[in-house]
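Chain letters run A, B, ... following the sequence lines, proteins first and then strands; every chain starts at 1. Keep in mind that the numbers below use all heavy atoms, side chains included, and drop hydrogens, waters and symmetry copies.
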Number of protein chains: 2
Amino acid sequence: MHGDCQVNSRTGLSRSAYVEAALDVIAQVGVDKLSMRNVASRLNVSPMAMYKHFPTKDDLLAASLEEFILRADVVPPADLPWEQWVERAARGMYEALCRELGWVPLLGSLRVGAQAIAVTDAFVSKLVEEGFSIEQSLRAYFALIQVVVGAVCLRSSIGARASDQAGADDKLPSSVAGRLQTKDNARYISLELESFLRRDQIDIGLPLLIAALKSQLEEART
Amino acid sequence: MHGDCQVNSRTGLSRSAYVEAALDVIAQVGVDKLSMRNVASRLNVSPMAMYKHFPTKDDLLAASLEEFILRADVVPPADLPWEQWVERAARGMYEALCRELGWVPLLGSLRVGAQAIAVTDAFVSKLVEEGFSIEQSLRAYFALIQVVVGAVCLRSSIGARASDQAGADDKLPSSVAGRLQTKDNARYISLELESFLRRDQIDIGLPLLIAALKSQLEEART
DNA sequence: ACCTGAACACCGTTCAAGT
DNA sequence: ACCTGAACACCGTTCAAGT
């Protein structure tokens with residue numbers, strides 16, 4: 001991005017070439033299967049050559065996540081009203097992470113970089129322009145990230161459940177239904193829970209968050 | 001829990017003994033450093049002995065997470081008003097996970113078990129008793145999980161950042177402040193953001209969620 | 001200076017062999 | 001039946017040796 005295209009004379013590889021290769025590996029086999037060795041072999045270099053650019057596998061991953069965020073392009077156009085702007089931003093993040101679920105486990109352990117900051121920046125600026133206080137805007141941003149990350153986590157665990165057990169997935173609903181009295185309610189709850197598990201997770205938390213923000217803004221204005 | 005204490009005649013070990021040992025290892029070195037080999041060596045058994053009880057490392061982890069949830073004891077007393085009940089449940093989950101941050105990466109990839117279902121059950125029952133619809137209660141539960149998981153994720157990534165760079169952590173605020181005009185605002189924003197990063201993450205998303213639930217219930221009642 | 005190959009200390013898991 | 005040891009195919013990372 002900020003032009004670090006210094007090509008090494010012996011290998012012909014820049015730092016960004018490694019990131020590119022890492023993203024290729026991730027796209028093909030997933031973040032979890034990425035290794036120093038398979039990134040290096042894709043570039044026909046010794047694994048150790050990378051350690052000059054990335055002292056640790058985590059550094060390579062952090063750099064790759066940065067590029068991933070940049071390419072996800074989650075910042076909506078500036079002219080949208082804030083409710084839509086926030087919704088689009090959240091869905092953009094959610095969809096990007098769903099495309100590459102392997103990132104989710106790493107979100108808590110990798111350093112935040114310039115691209116993550118740029119998104120924070122855009123979000124806070126937008127809400128401040130719309131009349132929210134800085135404190136409210138930051139709170140909204142963190143809450144949004146929480147909902148997005150949590151939604152992706154849930155989605156990926158539901159995915160794991162679905163692919164594991166084929167026909168045995170009525171275990172979960174029936175248990176919940178059991179404790180909730182009266183026979184006629186029970187089947188209804190089962191169906192309801194099943195539908196919740198199948199639903200796009202971002203549709204669950206995000207509307208609640210936006211509703212809360214709306215009423216917060218109204219309070220501040222009166 | 002449901003009494004599977006069949007002690008093996010040769011090793012003297014039950015399934016739950018392995019889970020116990022796994023939890024010990026987790027407490028001492030963290031979930032990420034748990035391996036079949038170190039659990040087995042703690043019990044003076046060959047690593048392969050475990051594969052009879054747990055066909056896969058993930059199965060051992062799933063069983064350990066079950067026990068972890070059971071011991072976290074996140075279900076509050078039934079007589080609390082729902083706002084407090086929900087708040088206590090959320091904080092219980094948040095604190096348990098913060099004590100053992102290593103679980104967070106796994107939450108999305110491990111199968112949900114009986115203990116996780118028991119918590120869902122308790123939550124939905126409580127809200128239904130308080131006048132929410134089943135659909136609302138399930139939505140609230142999923143949203144709560146999202147906030148808790150997201151909050152723990154954020155907390156653990158902030159922790160990583162803080163321990164990495166000692167004095168260089170004004171990079172992040174200054175960048176955000178940069179794009180947000182006027183010199184006198186900038187320093188204020190920096191301070192504000194820093195304080196947000198230091199704050200307990202659950203305090204950020206949870207109040208918004210509870211506010212949204214409150215107004216939802218009021219709407220339904222009028 | 002920068003890259004390499006060999007090596008170290010680990011993994012999860014398979015499998016034939018033991019009792 | 002159930003446990004074992006050796007082995008396979010991987011890891012991240014270190015380090016002395018090459019150019």
Side-chain angles (χ1 to χ4, degrees), chain A residues 4-26 28-65 102-103 105-106 109-111 160 164, chain B residues 4-26 28-65 102-103 105-106 109-111 160 164:
Chain A
D4 57 347
C5 305
Q6 303 167 28
V7 177
N8 182 283
S9 52
R10 240 184 297 182
T11 59
L13 296 174
S14 64
R15 192 186 139 94
S16 62
Y18 288 106
V19 173
E20 199 72 40
L23 289 176
D24 285 352
V25 170
I26 289 166
Q28 284 180 22
V29 301
V31 188
D32 26 315
K33 306 275 183 214
L34 177 136
S35 73
M36 299 301 264
R37 282 172 159 93
N38 59 15
V39 172
S41 81
R42 171 175 294 258
L43 295 168
N44 294 114
V45 192
S46 155
M48 299 307 108
M50 297 198 289
Y51 281 79
K52 276 277 125 69
H53 292 287
F54 309 97
T56 265
K57 185 191 177 184
D58 268 11
D59 293 297
L60 174 62
L61 281 173
S64 305
L65 179 57
W103 282 119
L106 301 171
S109 60
L110 294 179
R111 289 156 281 307
D164 266 359
Chain B
D4 57 345
C5 305
Q6 304 167 29
V7 177
N8 183 282
S9 52
R10 243 185 293 186
T11 59
L13 295 173
S14 65
R15 190 187 140 96
S16 62
Y18 288 107
V19 172
E20 201 70 41
L23 288 175
D24 286 351
V25 171
I26 288 167
Q28 285 180 22
V29 302
V31 189
D32 26 315
K33 306 273 185 219
L34 176 136
S35 71
M36 299 301 264
R37 282 173 160 93
N38 60 13
V39 173
S41 81
R42 171 175 294 256
L43 295 169
N44 295 114
V45 193
S46 154
M48 297 307 107
M50 297 197 291
Y51 281 81
K52 275 278 126 68
H53 293 286
F54 310 97
T56 264
K57 186 190 176 185
D58 268 11
D59 294 297
L60 174 62
L61 281 174
S64 305
L65 179 57
W103 282 118
L106 301 171
S109 61
L110 294 179
R111 289 156 280 304
D164 267 358

If you compare every side-chain N and O of [X] against the phosphate oxygens of [N] (OP1, OP2), does one of them come in below 4.0 Å?
X: B:K52; N: D:dC2; answer: no
X: A:S46; N: C:dC3; answer: no
X: A:S35; N: D:dC10; answer: no
X: B:Y51; N: C:dT13; answer: yes

Donor-acceptor contact present, side-chain A:S46 to main-chain A:M48, <3.5 Å:
yes

Suppose you measure atom P in C:dA9 against the same atom in D:dA9; what distance do you get, rounded to whole Å?
22 Å

So do the side chains of [X] and [Y] get within less than 4.5 Å of each other, counting heavy atoms only?
X: B:L34; Y: B:V29; value: no
X: B:L43; Y: B:L13; value: yes
X: A:S64; Y: A:W103; value: yes
X: B:M50; Y: B:V45; value: no
X: A:D59; Y: A:R111; value: yes

d([atom1], [X]; [atom2], [N]) in whole Å:
X: A:K57; N: D:dC10; atom1: NZ; atom2: P; answer: 14 Å
X: A:K33; N: C:dC11; atom1: NZ; atom2: P; answer: 17 Å
X: A:R37; N: C:dA7; atom1: CZ; atom2: C1'; answer: 10 Å
X: A:M48; N: D:dG18; atom1: CE; atom2: P; answer: 18 Å
X: A:N44; N: C:dC3; atom1: CG; atom2: C1'; answer: 14 Å
X: A:D32; N: D:dG12; atom1: CG; atom2: P; answer: 12 Å
X: A:M50; N: C:dC2; atom1: CE; atom2: C1'; answer: 15 Å
X: B:M36; N: D:dG5; atom1: CE; atom2: P; answer: 16 Å

Dot-bracket for DNA chain C: what is it, with Watson-Crick or G-U pairs under 3.5 Å, [ ] where a pair crosses earlier ones, and | for a pair to another strand?
||.|||||...|||||.||

Classify the ring geometry between B:Y18 and B:F54 as parallel (under 30°), tilted (30 to 60°) or perpendicular (over 60°).
perpendicular

Under 4.0 Å, counting only non-hydrogen atoms across every strand here, what does A:L60 touch: a base, just sugar-phosphate, or nothing?
nothing

